[in-house]
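Atom set for the values below is all heavy atoms of this structure, side chains included, hydrogens, waters and symmetry mates excluded. Fair warning: this is a prediction, and the values are worked out from it, not measured in the lab. Position 1 is the first residue of the sequence; numbering continues from there.
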Amino acid sequence: AAKDHGRNHYEFYSSSLNERLHRRMKIEQHLRKAIEYNEFVLYYQPIVDAATRRIVSMESLIRWDSQELGRVPPVEFIPIAEETGIIQKIGEWVLAEACRQNKAWQSAGLSPITVTVNLSSKQFYDPHLKELIMRILHETGLASECLELEITESTTMDVGMAMDTLRGLKELGLKIAIDDFGTGYSSFSYLKEFPIDKLKIDQSFVKDIHLNPVNAAIVDTIVTMTRHLKLQVVAEGVENEEVLDTLERCGCGLVQGYLFSMPVDGEKAKHLILSHELDDKAVLSS
Ligand code: C2E
Ligand code: MG
Ligand code: MG
Ligand code: MG
């Protein structure tokens, strides 16, 4: 009986491992064709000024609707794209599409905002990245101040290499944010030295800030630090009014989360930007 038991376990694990390998292979296989088949879309989520409630930027977030696999979330396919090198092509597409879209909003008469693009480590350390961004800005006609790059803390692990790359990118006039701040390797000395503009506090600290005094203390400390370092700060994952109230009391300048909007397609994003402008005019004329 013990033997049977062991055998069942073996079969259970081997089949689920098989399934996972199979899924991974399928994703890799279809990912290679996804650009050509037009299966990617960029969604946008507002980043809002807590004091004025105006949208100051839109974070671009990739969506993949695969003919074969249906919608595959970025947390599942981005790591595979990184490991296989497919991320270079995807990243290039994302940068070009985000810049094109932001320019199109401006050409439609909307007040200029920034568009943010998430970069994987592989992209960030690609020696051709700067050249690529210059080309895309030139081709789309977007001003470099209207583009912001988001990199995670783990990307900056190699401090020397990160410093050189950041300096090179900053020469273009764009902005740089550290994403998911607080979850990775962090050193206060690099924060002081890196030419960055913004920290995005990871949503794991923000979600329950109204109920969790430890998280409230962490967020408050990060906000205070950014004030001293003259960095902008965004709280990610703001889902309700209690969280927003707590963040405002901390003096957190910028907020992002489902409370304001889910990520939406470019057309809906345009209406979000427009409706905030109308709100504003209503305030001015009243
Ligand atoms: P991220 O850059 O930290 O993006 C935030 C994620 O949190 C997004 O998930 C967003 O939809 C979600 N989110 C926003 N507000 C809330 C909220 O109030 N509550 C909760 N629970 N979640 C919220 P998404 O779009 O699935 O993206 C996941 C991650 O995939 C991103 O994390 C980013 O690391 C990566 N990613 C997305 N798009 C791209 C891309 O174009 N390029 C690269 N390299 N990575 C990307
Ligand atoms: Mg991000
Ligand atoms: Mg994040
Ligand atoms: Mg994240």
Review point. Can you name the salt bridge (Lys or Arg N to Asp or Glu O under 4.0 Å) partners of R24, sequence neighbours left out?
Key: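 Here the qualifying residues are E28, E83.
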Check your understanding: Under a 4.5 Å side-chain heavy-atom rule over Ile, Leu, Val, Met, Phe, Trp and Tyr, are V214 and V219 clustered together?
Key ->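 Looking at the clustering, V219 is in the same group as V214.
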Review point. Which word best sums up how the rings of W64 and F77 line up, parallel for under 30°, tilted for 30 to 60°, or perpendicular for over 60°?
Key: perpendicular
Please confirm whether the backbone N or O of [Y] pairs with a side-chain atom of [X], one donor and one acceptor, at under 3.5 Å?
X: S144; Y: L172; result: yes
X: N102; Y: C146; result: yes
X: S60; Y: T116; result: yes
X: Y44; Y: K270; result: no
X: K175; Y: E145; result: yes
X: D180; Y: T183; result: no
X: E153; Y: G182; result: yes

What I want to find out is whether [X] reaches [Y] closely enough, with some N-O distance under 4.0 Å, to be called a salt bridge.
X: K198; Y: E236; answer: no
X: R135; Y: E92; answer: yes
X: D197; Y: K170; answer: yes

Exercise for review: Could you walk me through whether L199 and L229 pass the side chain to side chain contact (heavy atoms under 4.5 Å, CB included) test, one step at a time?
Suggested key: CA-CA 11 Å; L199 297 183; L229 295 175; 5.9 Å; no
Exercise for review: Please say whether more than 12 non-hydrogen atoms of neighbouring residues, nucleotides or ligands are located less than 6.0 Å from NE2 in H271.
Suggested key: yes
Check your understanding: Does a sphere of radius 6.0 Å around NZ in K130 hold more than 12 heavy atoms from other residues, nucleotides or ligands, not counting ones at 6.0 Å or beyond?
Key ->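 Counting neighbours around NZ of K130, more than 12 heavy atoms of other residues, nucleotides or ligands fall under 6.0 Å, so yes.
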Practice item. Decide yes or no on side chain to side chain contact (heavy atoms under 4.5 Å, CB included) for M58 and L42, but give the supporting numbers first. Key: CA-CA 11 Å; M58 285 283 186; L42 276 193; over 6 Å; no
**Study point:** Residue pairs, two or more places apart or on separate chains, that pass salt bridge (Lys or Arg N to Asp or Glu O under 4.0 Å) and touch residues 209-227
**Key:** none
Review point. For M161 and F124, what are the C-alpha separation, side-chain angles and deciding distance, and is it a side chain to side chain contact (heavy atoms under 4.5 Å, CB included)?
Key: CA-CA 10 Å; M161 277 237 293; F124 180 71; over 6 Å; no
Tabulate below the donor-acceptor pairs under 3.5 Å that side-chain atoms of residues 250-262 make, not counting sequence neighbours, or state none.
from : atom 1 : to   : atom 2 : distance (Å)
Q256 : OE1    : K200 : NZ     : 2.9
Q256 : NE2    : Q45  : OE1    : 3.2
Q256 : NE2    : E59  : OE1    : 2.8

